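Heads up: the structure comes next, in structure tokens.
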There are 2 protein chains.
Amino acid sequence: MTQATIRDVARRAAVSVASVSRALNGAANVHPDTRARVIAAADALGYVPHAGARSLSLARSHAIGVVLPDLHGEFFSEIIRGLDREASARGYHLLLSNIQDGRDHVIQALRAVRGRVDGLVVMAPHVDPAALAAMLPGSLPKVMINTPASKGGSTLRVDNRGGAEAITRHLLDIGRRHIVHIAGPANNSDARERYEGFKAALPQRADVHVLEGDFTEPSGAAAIAELLARKVPFDAVFAANDMMALGALQALREAGRRIPEDVALAGFDDVPLARYLSLTTIRVHMADIGTRAAARLIASVEAKDEEPTDELIVPALIVRGTTVREP
Amino acid sequence: MTQATIRDVARRAAVSVASVSRALNGAANVHPDTRARVIAAADALGYVPHAGARSLSLARSHAIGVVLPDLHGEFFSEIIRGLDREASARGYHLLLSNIQDGRDHVIQALRAVRGRVDGLVVMAPHVDPAALAAMLPGSLPKVMINTPASKGGSTLRVDNRGGAEAITRHLLDIGRRHIVHIAGPANNSDARERYEGFKAALPQRADVHVLEGDFTEPSGAAAIAELLARKVPFDAVFAANDMMALGALQALREAGRRIPEDVALAGFDDVPLARYLSLTTIRVHMADIGTRAAARLIASVEAKDEEPTDELIVPALIVRGTTVREP
DNA sequence: TGCCCCTCTGTAATCGGTTACGTAGATCCG
DNA sequence: CGGATCTACGTAACCGATTACAGAGGGGCA
């Protein structure tokens with residue numbers, strides 16, 4: 001049995017489709033008896049309005065598109081959680097559209113959601129800003145998270161630079177002088193900003209070692225392996241994200257280095273794992289960012305005149321056992 | 001500037017909308033020159049087809065609805081990750097619709113997606129099976145994960161009972177005799193099945209203590225606090241999920257119990273955290289379940305004649321440091 | 001030349017809703 | 001009692017695509 005349509009309901013209630021629509025959507029000009037008949041007919045037929053058709057004629061879908069690089073890592077799950085929390089509280093749904101590397105996928109992802117969503121949350125720190133700006137639809141409200149391109153959309157950015165400076169200063173404060181940085185991919189804007197913050201916090205003539213990882217745990221371990229192989233002396237490691245820090249942590253322990261006595265270790269993000277493993281880090285609180293992004297987006301969807309806003313989120317330094325021996 | 005429609009493209013290319021549609025969708029009967037003109041016009045106008053309108057006339061949305069209890073915990077993130085991976089590989093999108101407790105929310109969530117998705121993945125271990133069956137749309141293909149109600153849909157179930165038996169036997173094998181179970185909520189079917197497996201593995205006259213938690217970390221800690229307060233003697237704890245096990249782990253350590261010497265501890269799920277904290281558990285591999293669910297659903301969306309299938313996934317026992325001292 | 005067939009294109013119906021507009025009937029008022 | 005006003009409802013256009021059907025034009029063949 002196929003789903004009943006509004007016309008089926010109209011026929012059964014012996015009224016026009018207009019009256020059904022009015023009755024079911026609570027319009028004022030409907031006689032109580034008519035409304036009752038319509039509701040009875042709808043119930044009897046198990047009528048559920050076709051959301052797709054509805055959004056076509058209303059030009060509103062009550063859905064927001066979420067375009068993320070991929071869904072790996074706790075990082076993105078947290079954003080989605082935050083987005084979903086706010087969206088569903090406000091009666092919106094989330095349409096996920098993840099993108100692999102490569103510009104084509106971004107285009108595909110963006111094309112696929114047109115006419116299905118009322119707005120877009122985009123996070124693509126690894127995509128060239130100019131290219132991204134060119135392919136974003138101009139007509140939809142959007143919120144960009146940690147993504148340089150703005151062009152008429154609101155932005156939400158984490159102060160990566162400031163966070164990296166803070167954590168680097170912390171390492172200096174506890175007396176470390178040979179600090180190694182495990183950076184993220186060079187084409188990732190978060191990675192670049194964190195690297196800049198790191199450099200900015202160091203004294204002029206500090207001796208600096210920087211290795212490039214790819215934000216995954218194994219690449220953190222690999223970086224440590226390389227340092228050890230090259231016999232680079234170091235007493236602190238600042239990894240550009242927590243997952244690489246965790247990889248480094250494992251590798252250091254296996255190499256017999258004591259944490260934090262021999263080597264102090266810090267990450268970035270404060271993924272849920274970090275607390276359990278007592279990792280010093282910068283708390284980014286992605287769920288909160290997701291919540292704010294959704295709130296911001298829905299606000300501009302519902303009030304067309306809203307000005308785009310730019311919000312800079314200053315993350316907090318969380319000192320734990322990998323830099324300071326805990327009580 | 002509002003988005004161009006197919007009519008705008010048709011006007012600019014001086015052809016009919018039918019030709020535009022044919023040209024852009026690669027139909028056979030289009031003259032090469034016409035196709036070229038249409039593509040040029042579409043590019044010039046930045047035309048992107050309206051997916052909503054498209055799915056209305058095609059009666060296919062290339063989206064699958066995901067109805068989950070809520071998005072808390074790593075557990076659900078993992079499922080979504082798996083779903084998304086498979087779905088996007090096959091050209092589908094995910095529409096998230098999370099549900100709070102209460103039947104009304106389930107109804108709302110299900111109504112909201114009608115006409116927007118080609119199929120449904122439902123996971124609602126806490127909803128009364130009969131009620132759920134009654135409100136599920138009969139017309140859509142669906143896959144239920146760990147959810148009793150079937151009624152024409154495929155199911156994917158984790159062998160909770162078998163897993164719980166295996167882990168309980170493991171605790172017995174390492175010589176523990178005073179095993180405490182921290183159960184999940186009684187209205188949750190996963191929780192009930194795990195509890196049954198636990199009971200089934202125990203010898204007839206074992207002395208059993210069972211406390212009820214709510215699958216959250218604090219409730220695991222609270223359970224331990226209660227046991228200690230009541231001075232119940234125990235040498236092993238089996239928590240119905242990993243998060244409660246982690247809460248228990250913290251509480252036990254704070255109480256000065258050595259793990260695993262004084263108390264062996266086991267969880268269920270193998271969330272990513274478990275490996276880091278060396279928690280013995282049952283690997284459920286939710287991402288894999290998500291992948292299979294999506295694959296199964298898409299198969300039945302694309303071939304209407306598919307028979308529903310029922311798959312039972314047997315999870316593996318993962319022995320780690322909280323039950324057996326590691327090398 | 002006449003007829004058929006094939007290729008290409010356009011017209012208009014359709015998907016399932018919403019809603020502007022028009023109208024029938026009741027009520028009110030001078 | 002006639003006209004204005006209001007309430008309740010139906011007709012049909014519309015949202016933006018797809019596609020069945022029909023028709024125009026050209027080529028091949030008897």
Side-chain angles (χ1 to χ4, degrees), chain A residues 2-39 41-42 45-63 111-118 137 139-140, chain B residues 2-39 41-42 45-63 111-118 137 139-140:
Chain A
T2 174
Q3 278 283 343
T5 74
I6 196 173
R7 273 162 247 273
D8 299 323
V9 177
R11 197 171 312 126
R12 188 175 231 268
V15 295
S16 72
V17 293
S19 292
V20 175
S21 178
R22 282 188 285 251
L24 261 26
N25 291 313
N29 291 339
V30 184
H31 192 92
D33 294 353
T34 307
R35 190 186 303 274
R37 278 218 315 288
V38 168
I39 289 174
L45 295 173
Y47 171 69
V48 177
H50 189 290
R54 194 149 202 274
S55 72
L56 181 57
S57 62
L58 289 178
R60 283 292 298 291
S61 63
H62 279 269
R111 286 176 65 100
V113 299
R114 126 104 166 144
R116 250 196 241 277
V117 300
D118 293 336
S139 48
L140 278 184
Chain B
T2 173
Q3 277 284 343
T5 74
I6 196 173
R7 272 162 249 273
D8 299 323
V9 177
R11 198 170 312 128
R12 188 176 231 266
V15 295
S16 72
V17 294
S19 292
V20 174
S21 178
R22 282 188 286 253
L24 260 26
N25 291 313
N29 291 339
V30 183
H31 191 92
D33 294 353
T34 306
R35 189 185 302 274
R37 276 218 316 288
V38 167
I39 289 175
L45 294 173
Y47 170 68
V48 176
H50 189 288
R54 195 151 200 273
S55 70
L56 181 59
S57 63
L58 289 178
R60 283 292 298 289
S61 63
H62 279 269
R111 287 176 65 99
V113 299
R114 126 103 163 143
R116 250 195 241 277
V117 300
D118 294 334
S139 48
L140 278 185

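Every chain is numbered from 1, with letters handed out A, B, ... down the list of sequences. All values reported here derive from a predicted model rather than from experimental measurement.
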message: A side-chain contact here means heavy atoms from C-beta on lying under 4.5 Å apart; do A/Ile6 and A/Ser21 qualify?
response: yes
- request: Find out whether B/Arg116 and B/Ser55 are in side-chain contact, i.e. whether some heavy atom of one side chain is under 4.5 Å from a heavy atom of the other.
  value: no
message: Taking side chain to side chain donor-acceptor pair (under 3.5 Å) as the definition, give me every residue that meets it alongside A/Arg54, ordered by chain and number, with sequence neighbours left out.
response: A/Asn25
Under 3.5 Å, sequence neighbours excluded: what are the donor-acceptor pairs made by side chains of residues 10-17 of chain A?
residue	atom	partner	partner atom	Å
A/Arg11	NH1	A/Asp8	OD1	3.4
A/Ser16	OG	A/Ala18	N	3.4
A/Ser16	OG	A/Ser19	N	3.4

task: Say whether, by atom type as modelled, one donor and one acceptor occur between the side chain of A/Arg111 and the main chain of B/Val48 under 3.5 angstrom.
output: no
- prompt: With sequence neighbours excluded, what pairs up with B/His50 under the ring pair (Phe, Tyr, Trp, His ring centres under 6.0 Å) test?
  reply: none
statement: Span of DNA chain D engaged by chain B, first through last nucleotide within the 4.0 Å heavy-atom cut-off, is D/dG16 to D/dT19
message: Suppose we screen for salt bridge (Lys or Arg N to Asp or Glu O under 4.0 Å). Which residues come up paired with B/Arg60, at least two apart in sequence or across chains?
response: B/Asp118
- request: With axes from five pairs an end, tell me the bend angle of the helix from C/dT1-D/dA30 to C/dG30-D/dC1, nearest 10°.
  value: 60°
message: Across nucleotides 15-26 of chain C, 5' to 3', mark each nucleotide with B, S or - according to how protein heavy atoms within less than 4.0 Å reach it.
response: BBBSB-------
All pairs passing salt bridge (Lys or Arg N to Asp or Glu O under 4.0 Å) where residues 15-35 of chain A contributes a residue, at least two apart: none
query: To the nearest Å, how far apart are B/His31 NE2 and C/dG10 C1'?
result: 17 Å
task: Over all heavy atoms of both residues, which pair between B/Thr5 and B/Tyr47 is shortest? Give the atoms and the distance, please.
output: C-CE1, 3.6 Å
- line: When every non-hydrogen atom of B/Ala53 is compared with those of A/Leu56, the smallest separation belongs to CB-CD1, 3.9 Å
